[in-house]
Enquirer: 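Handing you this structure, nothing more for now.
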Protein chains: 2
Amino acid sequence: MDASTQTCARALLEITPAIVQAIRVRMRAARLHELSVPQFRTLAFIGRHPGCSLSDAAEFIGLTLPSMSVLINGLVEAGLVLRQTSLLDRRRVTLNLTGTGASVYAHALEGTLAWLSQQLEPLPEADKQTVLRAMEILRPQFLTNTDATPIVEATHA
Amino acid sequence: MDASTQTCARALLEITPAIVQAIRVRMRAARLHELSVPQFRTLAFIGRHPGCSLSDAAEFIGLTLPSMSVLINGLVEAGLVLRQTSLLDRRRVTLNLTGTGASVYAHALEGTLAWLSQQLEPLPEADKQTVLRAMEILRPQFLTNTDATPIVEATHA
DNA sequence: TTATAATAGTTGCAGTTTCTAACTATTCGA
DNA sequence: TCGAATAGTTAGAAACTGCAACTATTATAA
């Protein structure tokens, strides 16, 4: 294991939790759209993968199936997500955003993004580019391929 | 707000929580050193700031004072941290790692670092450098200055 | 065709984490 | 010296998460 890998790992381990904690605090402070970080990420996933299953969401977010089931409970009770039994396989569950869910997500995204942008704004352009490139580099390492979910039966009223 | 700032913010918001979640899962899976991410970060902070106060730790980690008090409770009960009343100001609490605390932290760091390095290892050298630079750019934006704590009465047996 | 196995979720239970509100103890300032 | 400010703690509640055990459905194979 070369030194640069170690240094890089150490920096990631130090910085990324701090960033996420800052995001968490900011999201909690904005009482308007009461979403936890996992809830927010789950809404984003469902938005990108209408009709996905519970397992899909659990694997992507990094939660166990029971935990995701509970998380989805909360989102369903809040009226943000629609949980329906799949017609193709009645063991499976089909997840979709409700209109409210989509708009709550959009609002949370907008608010968090505005705040985050404000934090980044003073950085020189080159630095922003570096950060952006770094995120693109890390994406495939830590985000199980986002677009593997077959988008079938997205809606079936 | 220029577009690159927005794009950068969006990427951060998408990727960093995924990285931290992966770290969390990995740390939980490694039953050996049973530390949550905030506990781990707190141990790191105390290690770098022997004799720091509860408030110092709370502010750095991004928790409220009561939450940090409880978190420290756990670490004290686990024998990882020493909580003593400050001699200079008896309202204050003085935090230090125990020998066990230092070694548990070192083990957790080592294990997590090894795993994280393994994830990064396949990346080309240039990419690692980009990631490292990005972390250094983000550090001051999201990590309240780590070295502002006056290191007094680090120990007073 | 039917029994067994595998898959997808849910529920119950427990342990943590984190918050707010209310409290105690100590120190500072007028 | 008395009131205000500071540092922490405790109590109570809600949310998050995991494991174990369960149900329901589908696939496999004898």
Side-chain angles (χ1 to χ4, degrees), chain A residues 17 20-31 33-42 51-78 80-95 149-150 153, chain B residues 17 20-31 34-42 51-78 80-95 149-150 152-153:
Chain A
V20 174
Q21 179 62 24
I23 292 174
R24 185 192 324 282
V25 167
R26 153 71 207 195
M27 288 188 71
R28 198 184 294 261
R31 280 256 163 283
H33 24 66
E34 189 74 12
L35 291 177
S36 70
V37 171
Q39 285 178 329
F40 175 81
R41 295 183 66 209
T42 302
C52 68
S53 72
L54 237 153
S55 308
D56 295 335
E59 187 193 343
F60 180 80
I61 302 297
L63 288 178
T64 60
L65 210 46
S67 297
M68 181 53 76
S69 183
V70 170
L71 189 154
I72 292 292
N73 272 350
L75 294 177
V76 169
E77 278 162 24
L80 307 184
V81 164
L82 226 60
R83 169 171 27 192
Q84 296 167 299
T85 303
S86 166
L87 297 178
L88 289 76
D89 181 342
R90 283 163 51 203
R91 290 170 301 182
R92 294 175 70 93
V93 142
T94 300
L95 301 173
T149 311
E153 57 164 353
Chain B
V20 174
Q21 178 63 21
I23 293 174
R24 185 192 324 284
V25 167
R26 155 69 209 195
M27 289 188 71
R28 199 183 294 262
R31 279 258 165 281
E34 188 75 12
L35 290 177
S36 69
V37 171
Q39 284 177 330
F40 175 81
R41 295 183 66 211
T42 302
C52 68
S53 72
L54 235 151
S55 308
D56 295 336
E59 189 193 341
F60 181 80
I61 301 297
L63 289 179
T64 61
L65 210 46
S67 298
M68 182 51 77
S69 182
V70 171
L71 188 155
I72 292 293
N73 271 351
L75 294 178
V76 169
E77 277 161 26
L80 307 184
V81 164
L82 226 60
R83 171 172 24 195
Q84 295 167 299
T85 303
S86 166
L87 296 178
L88 289 75
D89 181 342
R90 284 162 50 203
R91 291 170 302 182
R92 295 173 72 93
V93 143
T94 301
L95 300 175
T149 310
V152 286
E153 55 163 354

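Quick note on labels: first sequence line is chain A, next is B, and so on, each numbered from 1. Just so it is clear, the structure is predicted and the values come from calculations on it, not from any experiment.
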Enquirer: Round to a whole Å and report the spacing from CG of Leu71(B) to P of dC16(D).
Expert: 19 Å

Enquirer: Using whole Å, what does the distance between atom P of nucleotide dC16(D) and atom CZ of Arg24(A) come to?
Expert: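 Taking atom P of dC16(D) as the reference, CZ of Arg24(A) is at 11 Å.
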
Enquirer: Should Thr64(B) be listed as having a side-chain N or O under 4.0 Å from OP1 or OP2 of dT18(C)?
Expert: no

Enquirer: Using a 3.5 Å cut-off and no angle test, enumerate the donor-acceptor pairs between side-chain atoms of residues 61-70 of chain A and protein atoms at least two apart in sequence or in another chain.
Expert:
residue, atom, partner, partner atom, Å
Thr64(A), OG1, Ser67(A), N, 3.3
Thr64(A), OG1, Ser67(A), OG, 2.9

Enquirer: Are the side chains of Leu75(A) and Arg83(A) in contact, using a 4.5 Å heavy-atom criterion?
Expert: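 Result no, sub-4.5 Å side-chain heavy-atom pair not found.
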
Enquirer: Given atom CD1 of Ile72(A) and atom C1' of dA15(D), what is their separation to the nearest angstrom?
Expert: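 Between C1' of dA15(D) and CD1 of Ile72(A): 15 Å.
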
Enquirer: Given side chains that start at C-beta, do those of Leu82(A) and Gln84(A) come closer than 4.5 Å, heavy atoms only?
Expert: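 Contact flag for Leu82(A)/Gln84(A) side chains = yes.
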
Enquirer: Could you state the CG-P distance from Leu63(B) to dG8(D), rounded to the nearest angstrom?
Expert: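 So the two atoms are 14 Å apart, to the nearest Å.
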
Enquirer: Would you mind reading off the distance between Leu35(B) atom CG and dG15(C) atom P, rounded to a whole angstrom?
Expert: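 Those two atoms, CG and P, are 19 Å apart.
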
Enquirer: When we call it a touch if two heavy atoms are under 4.0 Å apart, what does Gln21(B) touch: a base, just sugar-phosphate, or nothing?
Expert: nothing

Enquirer: I'd like to check Arg28(B) versus Leu35(B) (side-chain heavy atoms, cut-off strictly below 4.5 Å). Are they in contact?
Expert: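 Counting from C-beta outward, Arg28(B) and Leu35(B) never come under 4.5 Å.
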
Enquirer: Could you run down nucleotides 7-12 of chain C 5' to 3' and tag each one B, S or - for protein heavy-atom contact under 4.0 Å?
Expert: BSBBB-

Enquirer: May I ask you to test the Leu95(A)-Ile72(A) pair for a side-chain heavy-atom distance under 4.5 Å?
Expert: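 Result yes, sub-4.5 Å side-chain heavy-atom pair found.
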
Enquirer: Looking only at heavy atoms, what is the nearest atom pair of Pro38(B) and Leu71(B), with distance?
Expert: CB-CD1, 3.8 Å

Enquirer: Write down the distance between CZ (Arg41(B)) and P (dT18(C)), rounded to a whole number of angstrom.
Expert: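 Going from CZ in Arg41(B) over to P in dT18(C) covers 10 Å.
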
Enquirer: Ignoring backbone atoms, test whether Gln39(A) places a side-chain nitrogen or oxygen under 4.0 Å from the OP1 or OP2 oxygen of dA15(D).
Expert: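 No.
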
Enquirer: Establish, from distance only, whether the side-chain atoms of Asp89(A) and Ser86(A) form a donor-acceptor pair under 3.5 Å.
Expert: no

Enquirer: Let me know the distance between CZ of Arg26(B) and P of dG18(D), rounded to the nearest Å.
Expert: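 That distance rounds to 16 Å.
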
Enquirer: Can you measure Ile61(B) atom CD1 to dC19(C) atom C1' for me and round it to whole angstrom units?
Expert: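 Roughly 17 Å, once rounded to whole Å.
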
